[in-house]
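Report on the structure given below.
A note on names: the letters A, B, ... follow the listed sequences, proteins ahead of strands, and every chain is numbered from 1. Computed from heavy atoms alone, side chains included, the values below leave out hydrogens, waters and symmetry copies.
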Number of protein chains: 2
Amino acid sequence: MSEAADIEGAADGEAEGKGAPTLNRRIRADIEAKILSGEWGPGHRIPYEHELMAQYGCARMTVNKVVSELAAAGLIERRRRAGSFVAAPRIQSAILQIPDIEAEVTARGEAYRYELLRQERRPAARSVPAEWALAPRGRVLEIECRHMAGSRPFALEHRLINLSAVPEAEAVDFARQAPSSWLVGHVPWTAAEHKIAAVNALPEMAKRLDIPDGSACLELVRRTWRGDENITLVRQTFRGDLFDLVARFTPAQTPNGG
Amino acid sequence: MSEAADIEGAADGEAEGKGAPTLNRRIRADIEAKILSGEWGPGHRIPYEHELMAQYGCARMTVNKVVSELAAAGLIERRRRAGSFVAAPRIQSAILQIPDIEAEVTARGEAYRYELLRQERRPAARSVPAEWALAPRGRVLEIECRHMAGSRPFALEHRLINLSAVPEAEAVDFARQAPSSWLVGHVPWTAAEHKIAAVNALPEMAKRLDIPDGSACLELVRRTWRGDENITLVRQTFRGDLFDLVARFTPAQTPNGG
DNA sequence: ACGCCAATAATGTATATACATAAATACGCG
DNA sequence: CGCGTATTTATGTATATACATTATTGGCGT
């Protein structure tokens with residue numbers, strides 16, 4: 001209890017309410033600060049709702065909402081009758097920023113250019129499992145293209161679009177617009193899976209990326225769904241000397257940006 | 001409005017309340033379903049609180065809490081006076097599962113073994129920016145080790161621990177216990193940053209990983225903080241032929257697991 | 001001691017009400 | 001017609017209250 005009591009600025013009676021933030025934000029900030037500073041480590045019991053209620057001189061619904069939000073954010077765990085406890089941060093997961101290649105290139109002050117290498121519309125091949133999984137018994141649009149940073153190749157892209165799920169893609173001129181930017185603007189999706197690997201560039205690939213045979217490349221394979229339907233399957237191969245991925249973990253954040 | 005009206009199962013008057021889930025969960029599930037199915041696409045205005053309140057025959061606080069939660073999760077955006085709108089999923093971020101090497105190895109049915117290659121305690125070198133940033137004017141513990149899967153090398157690890165932040169590390173026998181597993185159990189952290197790159201194995205590294213010179217390897221560099229203090233800096237180099245990373249995106253989830 | 005049961009204490013859900021805040025809309029004046 | 005102001009309206013915050021749910025605690029009896 002005495003630990004709980006050292007939250008500052010509480011119990012001001014009626015308070016004078018200057019330009020202060022709202023009470024709920026103050027309570028939340030106080031608790032988050034205690035947790036993020038490590039003062040309340042994982043497993044520490046945070047004050048009971050009725051204690052917070054007394055400390056801040058407010059109604060239980062107010063603290064309840066705050067603590068529920070913290071629980072939803074994963075910062076704490078609540079157990080009936082027992083209390084609320086600081087959760088162990090699940091450091092084994094982090095938020096990965098998936099690159100938008102054009103933004104990535106222009107961000108480093110280089111001119112972005114997009115080249116369509118090949119485009120083909122055909123039935124899905126049963127012999128290729130990934131392709132068949134994408135569009136069983138349907139037709140696919142296969143696209144190969146290259147992303148340039150200035151005069152240097154930056155990444156190769158090989159993409160399959162499920163035409164059953166996205167028939168509009170058939171009418172698009174992918175010589176003018178990169179498939180990723182078109183898809184982002186026109187096709188809503190609900191789930192995605194990314195596989196990240198390191199590969200040695202094969203001769204053909206090395207030639208197109210203008211690097212020595214066997215150079216290490218970062219390969220990003222992404223599958224995208226809308227509901228149960230598979231929308232697209234992309235393999236992007238980045239020059240390993242020009243690019244790497246960054247992932248961050250901070251306890252309070254959400255992948256969608258809440 | 002007519003769009004809003006097609007939420008099912010609402011306005012049952014008093015309802016018969018069998019083994020049904022609580023009202024808030026029903027409302028939340030209904031709205032999530034509409035969004036995840038794509039029926040309410042990005043930008044769609046969801047019913048006003050007073051509309052939902054009428055549809056479900058409940059108080060505004062009840063729907064307010066539900067919709068606020070959805071907003072916190074990033075599924076919708078709320079704008080005063082205007083209403084609440086389905087948010088565009090920020091597909092450019094995804095949740096990355098950071099591997100626990102031992103778990104990763106044993107999950108594929110191979111025997112995990114850990115080898116300490118080198119261990120040194122010394123002042124941080126000012127000439128190495130990353131090292132100086134870790135522990136300015138302090139001492140560091142430098143550890144090199146190897147993770148084995150059966151008889152094959154799986155990954156190399158080079159780690160620096162900031163002894164000012166974690167003095168206990170000095171007394172640990174890292175020949176018996178891998179530094180990562182010790183740190184997970186003993187040092188709470190609050191933030192982490194991961195950089196993922198593809199590199200060609202240098203001769204020394206190739207020898208230790210038992211792969212040809214120049215083989216592509218996945219390199220994971222992780223920095224970990226507690227508050228403002230940098231705890232540790234690790235570089236893990238995985239055999240590219242044995243390992244790749246997976247990241248997933250689903251609108252409703254949180255990195256911490258709320 | 002062991003196991004069952006009742007009391008207890010915490011969170012979980014829900015309500016009706018009130019006022020604050022911010023932004024879109026309507027209004028009215030020059 | 002254009003611009004500033006007033007109104008409207010939806011969300012934001014907060015309260016006091018009630019009852020439900022569920023682990024834990026403690027007591028009781030065998």
Side-chain angles (χ1 to χ4, degrees), chain A residues 1 4 10-31 44-87 258, chain B residues 1 3-4 10-31 43-87 258:
Chain A
M1 327 180 172
D12 297 347
E14 273 57 39
E16 64 286 343
K18 261 260 209 57
T22 54
L23 180 57
N24 69 17
R25 291 186 172 281
R26 240 186 66 211
I27 301 176
R28 175 156 184 173
D30 285 350
I31 298 177
H44 179 99
R45 210 210 74 223
I46 77 167
Y48 296 125
E49 292 188 353
H50 71 261
E51 291 174 328
L52 290 171
M53 178 178 156
Q55 284 169 35
Y56 288 94
C58 65
R60 185 165 79 96
M61 269 303 293
T62 304
V63 307
N64 180 331
K65 241 195 150 186
V66 169
V67 184
S68 297
E69 283 167 17
L70 289 172
L75 268 189
I76 65 176
E77 282 174 20
R78 315 198 73 188
R79 277 167 39 210
R80 278 189 162 148
R81 165 73 214 224
S84 302
F85 302 83
V86 176
Chain B
M1 325 173 173
E3 307 165 294
D12 295 348
E14 273 57 37
E16 64 285 346
K18 261 261 207 59
T22 55
L23 180 57
N24 70 15
R25 292 187 170 280
R26 239 186 66 211
I27 302 177
R28 175 156 185 175
D30 286 350
I31 298 176
H44 179 99
R45 209 209 76 225
I46 77 166
Y48 296 125
E49 292 186 354
H50 71 262
E51 291 173 328
L52 290 171
M53 179 180 154
Q55 285 168 32
Y56 289 93
C58 64
R60 185 163 80 91
M61 270 303 293
T62 305
V63 306
N64 180 330
K65 239 195 151 187
V66 169
V67 184
S68 298
E69 283 168 16
L70 289 171
L75 268 189
I76 67 176
E77 282 174 21
R78 315 198 74 186
R79 280 169 32 213
R80 278 188 161 149
R81 163 73 214 223
S84 303
F85 303 83
V86 176

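- Considering only residues two or more places apart in sequence or on other chains, A:Arg80 meets the side chain to side chain contact (heavy atoms under 4.5 Å, CB included) condition with none of them.
- Residues passing the ring pair (Phe, Tyr, Trp, His ring centres under 6.0 Å) test with B:Tyr48, sequence neighbours excluded: B:His50.
- Between B:Leu52 and B:Ile31, the closest side-chain pair of non-hydrogen atoms falls below 4.5 Å.
- Between B:Ser68 and D:dT11, a side-chain N or O to OP1/OP2 separation shorter than 4.0 Å is absent.
- For C:dA10, the OP1/OP2 oxygens have no side-chain nitrogen or oxygen of A:Arg78 closer than 4.0 Å.
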Might you list the N or O atoms of the protein lying below 3.5 Å from N or O atoms in nucleotides 14-18 of chain C, with each pair's distance?
unit_1 : atom_1 : unit_2  : atom_2 : d
C:dA14 : OP1    : B:Leu23 : N      : 2.5
C:dA14 : OP2    : B:Asn24 : N      : 3.0
C:dA14 : OP2    : B:Asn24 : ND2    : 3.4
C:dT15 : OP2    : B:Ala59 : N      : 3.0
C:dT15 : OP2    : B:Thr62 : OG1    : 2.5

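- Atom pair B:Tyr48:OH and D:dG12:P shows a separation of 13 Å (rounding to whole Å applied).
- Terminal axes of the helix from C:dA1-D:dT30 to C:dG30-D:dC1 (five pairs each, C1' rotation axis) are separated by 0°, to the nearest 10°.
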(message) Can you build the contact string for nucleotides 22-27 of chain C? Use B for base contact, S for sugar-phosphate-only contact, and - for no protein heavy atom under 4.0 Å.
(response) SBBS--

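- Applying the side chain to side chain contact (heavy atoms under 4.5 Å, CB included) criterion to A:Ala82, with sequence neighbours excluded, gives A:Arg79, A:Phe85.
- Contacts classified as salt bridge (charged side-chain N to carboxylate O under 4.0 Å, His left out) and involving residues 52-73 of chain A (residues at least two apart or in different chains) are given here: A:Arg28-A:Glu69, A:Glu49-A:Arg60.
- Separation of atoms CD (A:Glu51) and CD1 (A:Ile46) is listed at 10.0 Å; rounding is to 0.5 Å.
- Checking the phosphate oxygens (OP1, OP2) of C:dA9, no side-chain nitrogen or oxygen of A:His50 falls inside 4.0 Å.
- Residues A:Tyr56 and A:Asp30 form a side-chain contact, since some pair of their non-hydrogen atoms from C-beta on lies under 4.5 Å apart.
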